[in-house]
Structure formats: C-alpha cells, structure tokens
Amino acid sequence: AQLHYSVPEDREPGFSVGDLAKDLGVEVRSLAARNLRLVSEGGQRHFQVDLAAGVLLLDSRLDREALCGQSPTCSLHLQLVMENPLQLHRVEVDVLDVNDNAPQFPKPEVVLEITEVANPGTRLPLEVAEDPDMGSNSISTYELSPSKHFALSINVRGDGVKMPEIVLEKALDREKVPVHRLTLTALDGGNPVKSGTAKVTIHVLDANDNPPVCDPPISKVLLEENVPVGTLVTKLNVTDLDEGPNGDVEYSFKTSNNAPGKFTKLFSLDARTGEIRTKAPLDYEESSAYEIAVRARDKGSPAMEGHCHLRVELIDINDNSPEIVLTSVSSPVQEDAAPGTVIALIGVKDSDSGDNGQVRLQIAKELPFKLVSSFKEHFSLVTSGPLDREKASGYNITVRAVDSGSPPRATQKTFYLRIADVNDNAPNFSSPFDTAHIQENSLPGTSVFSVSASDPDEGSNAKLSYSILDNGMQDVPISAYFRIDQDNGTIYTVRALDYEQDKVFQVPVEVKDAGSPALSSTAVVHVFVLDENDNAPNIVYPSVPKGSAFHQAIPALAEPGYLVTKIVAVDADSGHNAWLSYQLQESAEALPFQVERRSGEIRVAQALRESEDSHRLVVEVRDNGTPSLSASVVIVISPEENSVQDFSKSLDLPQSSPEDTNLTLYLVISLVSISLVSCVTFGLAAARC
C-alpha cells in the first residue's frame with residue numbers, strides 16, 4: 001500500500017503526521033509484534049513511529065528550503081516494513097511551504113547610471129530579489145517609491161520569475177537633478193505579507209545615449225546533456241547604434257546571490273564575441289535547466305549596458321543504468337510453500353527521466369518464480385509453482401532491470417535462495433524382498449543379513465531407524481528368533497535355530513524416518529535355515545532296548561541269499577545328511593552273512609553247517625554327513641531245525657498311512673498335469689514358429 005501525508009515545514013518535533021494503524025487497517029497492538037520499522041529512502045531520519053499509538057511523528061523540525069531548494073514540490077519518501085507476513089508500505093510526506101522567509105535583494109543599495117539624453121521608455125534592469133519560499137509565499141510583486149521621472153515595470157521571465165525594471169517616463173535634465181534616489185520594495189504573497197527593500201541611486205550622465213540591445217532579449221536553447229566540453233551553446237546577438245568606443249560591446253555574466261557562480265562553473269563566455277560554450281560536463285539529473293544572465297556593456301563614457309537572458313534546457317539522454325535494491329529476502333523457503341508465497345521485496349531506481357527512467361524487471365522464465373508489481377518501482381518476487389528440494393536444493397536468482405531508453409541500459413543482481421527440506425519422501429528399501437541363509441545351530445547374535453534403505457530428504461527427515469514387525473505368521477513371535485540393529489539394519493539371531501523345527505522364516509522389516517510426521521516403508525527378508533548333520537540315524541526296526549540284542553531264528557539249512565531280516569532306519573536330517581548306509585562291524589571270526597549297503601537287508605552269504613551255533617552280528621547304520629553320525633543294533637541269528645518263517649509277517653515294518661497315500665496321489669496328478677501343460681505349450685510354440 002502507499003500512504004500520503006502532508007506536514008507544514010514549521011511544525012515542532014513530536015507533531016503527529018498521520019495515523020498509520022488506522023490507514024494501514026491494522027490493530028495498534030500488533031505493530032510491535034510485527035516488528036514495524038521505518039526506512040528513509042534518502043538516508044536522513046526526519047520521522048519516527050510511535051508503536052504504542054500507531055502514529056507517524058515528526059522527529060526533527062523540517063526546513064523545506066534546505067530539503068528541496070527551489071523545487072515546486074517537496075516530498076519525503078519513507079518505507080514501512082512489517083513482518084509476519086512480510087509487507088512493504090510506501091509513505092510519501094509532502095512538506096508544505098510556510099511564509100518564513102522575507103524577500104531579499106542581492107545588494108542593499110543599487111547604483112544605476114542613465115544618460116541625460118535617454119528617451120522616455122528607456123529601461124533600467126534591476127536585480128531580482130530572492131525569496132526561498134515557494135508558490136504564493138514567493139515574490140508576488142515589486143513597488144517603487146513615487147517619482148516624477150521614473151516608473152516601475154515588471155516583466156515575467158520564461159521560468160516565471162518576475163523581473164523589475166525602472167522605466168524612464170519623463171526626460172531628464174542632469175543640470176537640475178543629477179541624482180535620483182528611489183526605494184524598491186519586493187513583496188511576497190504570504191499572509192501576512194513580508195517584504196524587502198533596496199535603495200536605488202540613479203546617476204544622470206551625459207553623452208553615450210544608445211545602450212547595447214540584445215535581440216531577442218530572452219531566448220531559449222535546447223542542449224543534450226553530456227555534450228563534449230567546449231560545445232557552442234549560442235552566440236549572443238547584441239547591437240549598439242553608437243560608434244567607436246560607445247558601440248564596442250563587452251560581455252560578462254551577471255550573477256546573483258541565489259546561485260553565485262553556479263552556471264559560471266559550467267559555461268564560459270567570450271567577452272569579445274559573446275559566444276557561450278560549455279566548460280564542464282552537464283548532467284540532466286543534477287539540473288534540467290540553467291538561467292544565464294549576460295551583461296552587454298559598451299565602452300562609452302559613461303558606459304551603457306544591455307541585458308540578455310538565456311535559458312538552457314537540457315535534453316535527457318539514457319546515461320544512467322537502473323539500480324536494483326533488495327529490500328528483504330526470505331531465505332530459506334520451505335519446499336512445500338504455496339504458489340504466491342513472497343520470497344523477496346525488490347525496488348528499482350533510475351535517475352533518468354521519461355522513457356529513459358521507465359524500468360522493467362525480468363527473471364529467467366524456467367525458474368518457479370515470478371515478479372509481481374506492488375506499486376511504482378516496487379516489486380514482489382513470489383513462487384509461481386511447486387518447489388522440490390530433492391530436485392533443486394537452491395536457486396541462483398538473477399534479477400535483471402532494463403530501462404526503456406534507446407539504447408536501453410540494464411543492470412542485474414544475483415542472490416541465492418535456499419530451499420528448506422520437508423518430510424515429503426518415504427524411505428525406500430533397495431529391494432522389497434530379500435533372501436538370506438543361515439546354518440542351523442548358529443550361536444545367538446549371529447549376523448543374518450543387512451537391509452539397506454535410502455531417503456532423498458535431508459537432516460532428521462532422512463535419519464532412518466529399522467525395526468522388525470510381528471506378522472503373526474509363526475506361532476512364536478518373529479522377535480523371539482531375530483532382532484535388528486535400528487541404526488544400520490543388520491539382522492541378528494536371538495537364539496539358535498533348528499532346521500528340523502523351522503526351515504524358513506519371513507522377517508518383515510520396517511524402516512521409518514525421523515520426520516514429523518514420520519514416513520515408513522516395509523520389506524520382507526526370507527531367511528532359509530540350512531541343515532546341519534546334528535541328528536544320528538534312528539533304527540526303527542528291529543526295535544530293541546538299548547543294550548539288548550534282537551534274536552532271529554533261521555532254518556539250519558538256509559541257502560545262500562536267504563533273507564534273514566531287514567534293518568530299517570530313519571534320519572531327521574535332510575539331503576546328503578540323511579543318506580544312510582548299512583554295514584557289519586568287523587569281528588574276529590568270519591560270518592556267513594552279509595548286509596546290503598543301501599537296503600539294510602541281511603542275507604545268508606554261504607551255506608551253514610549243521611553243527612553251527614548262533615551268530616552275533618553288529619549292524620552299523622551311518623549317514624553321509626560331515627562329520628558322519630551312526631547307530632548300531634545287535635542281532636543274534638540262531639539256526640534251528642525245521643524252522644520256517646513268513647518273513648513278510650514277521651518283519652513289522654512301518655506301514656504307509658492314508659495321508660501318505662493321498663500325498664503320493666497328489667504328486668502323481670501334479671506331475672501329469674505339469675507334463676500335459678508343457679507339451680501343449682511346446683506344441684503351440686512350435687506351431688507359431
């Protein structure tokens with residue numbers, strides 16, 4: 001917003017300029033909380049803010065003439081900055097002129113000379129009185145004390161300045177009155193009216209009765225600023241009807257107290273030719289016009305003079321680059337900032353005028369930001385789209401200011417905007433499913449597997465912790481078997497595992513970040529328990545108590561190959577750890593029996609003798625593990641006369657259960673189905689080829 005106030009220049013400090021809280025539409029008690037502060041664009045502090053009352057106060061007495069000189073308007077520009085949210089308000093305070101200065105002539109006494117042969121209507125220019133006040137408070141008119149020979153004429157110059165001249169109304173007679181003394185009074189238009197006087201003494205001279213005449217008496221020249229030093233501005237056209245020394249004219253600058261020698265530092269005047277040239281660089285931004293008064297005096301006796309008034313108006317050229325002012329920058333900005341969030345407040349200035357001072361701001365189109373004009377020469381940089389810190393953690397924003405001059409001038413300023421992270425990305429495992437293997441009977445605390453997850457966020461939003469979830473798939477909670485290091489994701493065993501009890505575990509792992517709110521994801525690790533040869537073979541037939549022997553009778557005349565009995569054993573392990581082999585332990589005597597290595601069948605190896613007694617065999621069953629484990633059974637074989645045995649009945653082997661039969665049937669059906677599907681698939685593939 002932009003606020004506009006006015007204050008007379010004669011007010012004392014503490015004077016209330018305006019009610020900021022009311023005009024801004026905010027509550028007074030919120031001003032301090034929003035850190036309202038005042039920034040003067042000129043660098044000088046003339047005002048202060050009363051936060052308790054919410055008003056703008058005068059900090060020091062103002063002097064309009066000291067602040068703005070002869071400018072027709074006098075304004076002071078302030079900036080009010082409030083935070084939460086960040087806002088910039090521009091305040092313009094007009095300093096009103098009061099009639100605090102009386103007119104004053106450059107010299108308290110003015111001496112003029114006029115020839116006695118001067119014709120009525122001859123004009124004697126007078127010094128212009130100065131009044132620092134402006135407008136109606138400046139000089140309004142002049143008055144001349146009553147005289148029989150002279151009257152006052154007031155002309156208006158091109159810049160509006162009133163120029164008094166004494167006009168001869170009646171012929172002079174030096175012999176009667178050689179000197180005329182008058183009083184010139186300058187009056188301003190204030191209320192009450194103030195005035196200043198100067199004593200005017202006019203000496204009546206003889207002879208040289210034609211003054212130099214400037215044609216035209218008032219002229220105007222247009223000149224570009226920054227022209228080279230020595231450029232010809234104009235050549236005065238002055239004529240004097242007299243001859244000889246009375247017609248020989250010399251030129252000189254006519255200065256006054258308002259700007260003694262100001263234009264003489266910028267312009268030079270050839271006293272003989274009347275040429276006016278530049279002798280220093282001209283700057284439109286310092287002054288757009290110069291009023292030059294030239295005195296043309298002849299060499300007569302007494303000398304006569306004329307006055308030429310030249311107004312030099314400068315044409316602005318585009319010689320000033322725009323200036324970029326970063327009033328405030330909000331960095332860092334959250335990556336979830338909504339479109340339209342204010343990022344920075346930017347002001348621009350260009351000392352040139354017209355199109356040369358019209359400035360437009362630009363930023364790169366590919367950036368997710370845009371410029372919004374707040375008010376004249378002030379812009380807000382706001383977000384125009386979503387921000388993503390994971391794609392861009394910051395932006396180098398280059399603001400380019402280009403004026404409308406020909407050729408245009410440009411300035412750019414770059415600042416870095418950091419994007420702050422928010423927890424908008426859940427952690428991700430490198431794989432949602434992993435497989436691990438571990439030997440059974442491994443010691444508790446053995447490392448099983450390490451899961452790994454990543455989170456593109458940063459800081460606490462990317463700090464990960466791992467945990468194991470109980471999914472209820474096992475009878476015993478999974479945490480009873482495994483634990484995980486919450487920092488690095490390494491899975492350890494809690495106790496020794498038994499392959500014969502559990503062959504595979506599904507371990508669900510959750511990873512969670514430390515953001516607010518926290519985000520998480522899960523993965524499953526399949527842990528396969530590898531078998532170890534930790535179970536010795538178990539002889540299920542014949543079943544005898546430990547330390548006892550199994551007695552088996554056979555016919556005394558049994559032929560070689562006769563099946564005596566069959567040893568049946570099982571091993572709880574799997575794979576090669578469960579491959580069993582049967583053998584007879586060596587004995588001191590040769591035995592007429594042998595054991596089939598794979599089947600465990602004990603057969604007669606050679607014919608028995610009739611007088612042969614019983615034989616004691618030790619059958620050892622050994623698995624194929626490393627190291628190998630074994631079991632043994634003692635069998636006593638007794639040959640008997642007329643002994644006949646139905647081995648199929650006496651061999652009490654474990655019979656297959658109905659469940660085993662059904663399982664076998666299902667396996668056969670599955671194999672047949674798979675074979676048929678494979679054949680059909682291969683046939684279709686062959687036909688397509």
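Considering all non-hydrogen atoms of both residues, S153 and R123 come closest at OG-NH1, 2.9 Å. In terms of heavy atoms, I317 sits closest to N356 at C-ND2, 3.6 Å. Looking at every heavy atom in both residues, Q48 comes nearest to L58 through NE2-O, 4.4 Å. When all heavy atoms of A344 and F415 are compared, the pair lying nearest together is CB-CZ, 4.3 Å. The shortest non-hydrogen separation linking V28 to A52 is CG1-O, 3.0 Å. Nearest heavy atom pair, residue R297 against residue A303, reads CG-CB, 3.7 Å.
A donor-acceptor pair is defined here as one N or O able to donate and one able to accept, closer than 3.5 Å; no such pair exists between the side chain of Q79 and the backbone of L88. Counting only distance, with no hydrogens or angles, the side chain of S328 and the backbone of L345 share no donor-acceptor pair below 3.5 Å. Not a single donor-acceptor pair under 3.5 Å links the side chain of S373 to the backbone N or O of F379. No donor-acceptor pair under 3.5 Å is formed between the side chain of S219 and the backbone N or O of P216. A donor-acceptor pair under 3.5 Å is formed between the side chain of K413 and the backbone N or O of I324. A donor-acceptor pair is defined here as one N or O able to donate and one able to accept, closer than 3.5 Å; such a pair exists between the side chain of T383 and the backbone of A338. Formation of a donor-acceptor pair under 3.5 Å by the R277 side chain with backbone atoms of G230 is found in this model. Side-chain N or O atoms of N318 include one that pairs as donor or acceptor with a backbone N or O of P407 at under 3.5 Å. In this structure a side-chain-to-backbone donor-acceptor pair under 3.5 Å is missing from D350 to V359. Judged by distance alone, the side chain of S140 and the main-chain N or O of D188 form no donor-acceptor pair under 3.5 Å.
Summarising the local packing, CZ of R61 is surrounded by more than 12 heavy atoms from other residues, nucleotides or ligands at distances under 6.0 Å. In this structure, R181 places its CZ atom where only 12 or fewer heavy-atom neighbours from other residues, nucleotides or ligands lie under 6.0 Å away.
To the nearest 0.5 Å, the span separating CD on E165 from CG on L152 amounts to 9.0 Å. To the nearest 0.5 angstrom, T264 atom OG1 is 5.5 Å from K279 atom NZ. Here CD of Q412 is found 10.5 Å from CD of Q362. Values are rounded to the nearest 0.5 Å. Separating the CG atom in L172 from the CD1 atom in I202 is a distance of 8.5 Å, to the nearest 0.5 Å. Atoms OH and OG1, from Y142 and T185 in turn, are 11.0 Å apart once rounded to the nearest 0.5 Å. Going from atom NZ of K220 over to atom CG of L310 covers 11.5 Å, rounded to the nearest 0.5 Å.
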What side-chain donor-acceptor pairs closer than 3.5 Å can you find for residues 285-292, not counting sequence neighbours?
| residue | atom | partner | partner atom | Å |
| --- | --- | --- | --- | --- |
| E285 | OE1 | N320 | ND2 | 3.0 |
| S287 | OG | A289 | O | 2.9 |
| E291 | OE2 | R311 | NH1 | 2.3 |

What's the verdict on side chain to side chain contact (heavy atoms under 4.5 Å, CB included) for F150 and V200, showing C-alpha distance, side-chain angles and the deciding distance? CA-CA 11 Å; F150 300 95; V200 180; over 6 Å; no
With salt bridge (charged side-chain N to carboxylate O under 4.0 Å, His left out) as the test, would you mind laying out the steps for E250 and K299 before giving the verdict? CA-CA 8 Å; E250 288 185 343; K299 296 181 181 179; 3.5 Å; yes
Would V238 and D215 satisfy side chain to side chain contact (heavy atoms under 4.5 Å, CB included), going step by step from the backbone distance to the final call? CA-CA 6 Å; V238 177; D215 184 24; over 6 Å; no
Test side chain to side chain contact (heavy atoms under 4.5 Å, CB included) on I276 and V312; report intermediate values, then the result. CA-CA 11 Å; I276 300 177; V312 180; over 6 Å; no
Might you work through the side chain to side chain contact (heavy atoms under 4.5 Å, CB included) test for H46 and D59, ending with a clear yes or no? CA-CA 5 Å; H46 300 290; D59 191 45; 5.6 Å; no
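Shown here are the ring-ring contact (aromatic ring centres under 6.0 Å, His included) partners of H149, two or more places apart in sequence or in another chain: H180.
Side chains of P120 and E169 form no contact here, defined as non-hydrogen atoms less than 4.5 Å apart. Within the 4.5 Å cutoff, the side chain of V333 has heavy atoms near those of the I419 side chain. With contacts defined as side-chain heavy-atom distances shorter than 4.5 Å, the pair V348/P322 does not qualify. With contacts defined as side-chain heavy-atom distances shorter than 4.5 Å, the pair R34/V26 qualifies. Residues L57 and S16 form a side-chain contact, since some pair of their non-hydrogen atoms from C-beta on lies under 4.5 Å apart. With contacts defined as side-chain heavy-atom distances shorter than 4.5 Å, the pair T141/I154 qualifies. Counting heavy atoms from C-beta on, the side chains of T278 and V233 come closer than 4.5 Å. Counting heavy atoms from C-beta outward, D352 and D319 have side chains that approach closer than 4.5 Å.
Less than 6.0 angstrom separates the ring centroid of F369 from the ring centroid of Y395.
With L3 as the fixed residue, the side chain to side chain contact (heavy atoms under 4.5 Å, CB included) test singles out one of L78, D23, D19: D23.
For Q2 and H4, the side-chain atoms include no donor-acceptor pair closer than 3.5 Å. A donor atom on one side chain and an acceptor atom on the other are found under 3.5 Å apart for D94 and S75.
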